Amino acid sequence: MTTPYVGRFAPSPTGPLHAGSLVAAVASYLDARVHHGTWLIRIEDIDEGRSVPGAAEGILELLRRLGMESDREVVWQSRRKHLYQAAFDRLAANAYACGCNRREIADSRLGFGPDGAAIYPGTCRNGLAPGRSTRSLRLRVPEPGADLVEFTDRFAGTIRQRLALESGDFVLKRADGYWAYQLAVVVDDAEQGVTDVVRGADLIDSTPRQIYLQRLLGVPTPRYLHVPVVRNAAGEKLSKQTGALAIAPDDEPAAVAALQDAARFLDLSVEPVDSLAGFWQAAVPAWARLLSLREVAAINPPG
Ligand code: GLU
């Protein structure tokens with residue numbers, strides 16, 4: 001018997017929902033519906049310094065107005081710190097205190113990983129140098145040669161990453177005292193029984209670190225599907241920092257239009273509809289058709 005499908009949308013409430021985050025929400029929601037699964041919303045407010053008061057409530061209200069509601073109670077990362085601490089305690093044998101700041105890591109000139117973060121050179125691996133104090137807590141990754149993590153993305157196919165060379169030992173607890181995204185997301189996906197992660201391709205380079213953490217914690221690895229990221233005219237990923245506009249439909253036709261834009265971006269052929277119910281009715285089979293093309297292509301790449 002296969003495990004029943006559980007998917008999720010996990011927005012960080014750093015601002016209102018924009019066209020980029022809507023694409024991830026719609027894709028994860030449609031994937032859950034096509035698989036007759038459960039769809040969850042998790043508010044990723046673990047970085048309390050970046051969370052904007054009221055943003056999470058605004059996102060939840062907007063999703064509800066668009067017809068997307070969590071099948072279970074919404075989970076908030078800021079209320080689950082005990083779970084991250086417990087997971088860290090289980091990883092402690094593989095973790096160490098690091099005294100380096102950003103500049104020191106960048107100065108080591110090992111370059112940057114695919115996600116743009118400077119590769120950590122392992123300075124504090126064997127203990128803090130005299131006079132240094134703990135800033136962050138890092139996880140030791142395997143030595144080069146034993147550090148390959150490989151997974152099959154449902155759209156992109158085989159993805160490989162050498163953790164030692166492309167990431168280095170990564171942060172579990174940050175210098176500002178917050179638990180790192182990589183740890184929180186792995187703990188939550190496991191604790192919520194998530195079987196399928198559908199999210200933006202900007203996170204594909206984080207996935208190998210997450211899979212490595214899942215292995216250390218002895219929890220299952222979900223299936224992954226990364227959808228393309230929406231960019232603005234300058235080629236930048238939409239975000240609050242790049243000036244993305246909030247989605248704020250004031251009536252049903254505007255809500256349908258926002259969803260149609262997301263569907264078009266995902267390459268879904270959804271005929272023109274004038275109601276939310278009509279949109280979802282057309283979008284679910286359209287997603288199923290897209291999967292039948294894209295998932296086969298990912299397993300048997302051309303050439
Ligand atoms: N909270 C992350 C974001 O808003 C998404 C994390 C995930 O889906 O794993 O970009």
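Atoms within each ligand, like the ligands themselves, are counted from 1 in listed order. Since this is a predicted model, take the numbers as computed values, not measurements.
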task = Can you sort out which atoms of ligand 1 are near E44, meaning under 4.0 Å from one of its heavy atoms?
result = 1 (N), 2 (C), 5 (C), 6 (C)
key: Nearest-contact summary for atom 3 (C) of ligand 1 - protein heavy atom, Å   = S12 OG, 3.5 Å
Parallel, tilted or perpendicular: rings of Y224 and F151 (30°, 60°) = perpendicular
ask   = Less than 4.0 Å between a side-chain N and a carboxylate O, is that true for D71 and R33?
value = yes
message = Quick check on contacts: which atoms of ligand 1 are under 4.0 angstrom from a heavy atom of R199?
response = 7 (C), 8 (O), 9 (O)
V185 neighbourhood, listing ligand 1 atoms whose heavy-atom distance to it stays under 4.0 Å = 9 (O)
query = Would you say D202 and ligand 1 have an N/O pair spaced under 3.5 Å apart?
reply = no
request  = On the 0 to 90° scale, with breaks at 30° and 60°, tag the W287-F155 ring pair as parallel, tilted or perpendicular.
outcome  = tilted
Salt-bridge present (R223, D196; N to O < 4.0 Å) = yes
inquiry  = Between ligand 1 and A10, is the shortest N or O to N or O distance under 3.5 Å?
reply    = yes
key: Charged N-O contact under 4.0 Å between D31 and R154   = yes
query = If you measure from each heavy atom of Y181 to ligand 1, is any distance below 4.0 Å?
reply = yes
inquiry  = Under 4.0 Å between a side-chain nitrogen and a carboxylate oxygen: does that hold for R132 and E104?
reply    = yes
query = Taking non-hydrogen atoms only, is L203 closer than 4.0 angstrom to ligand 1 via side chain, backbone, both or neither?
reply = side chain
task = Determine whether any heavy atom of R8 lies closer than 4.0 Å to an atom of ligand 1.
result = yes
task = Please report the shortest heavy-atom distance between T195 and Y5, naming the atom on each side.
result = OG1-CA, 3.4 Å
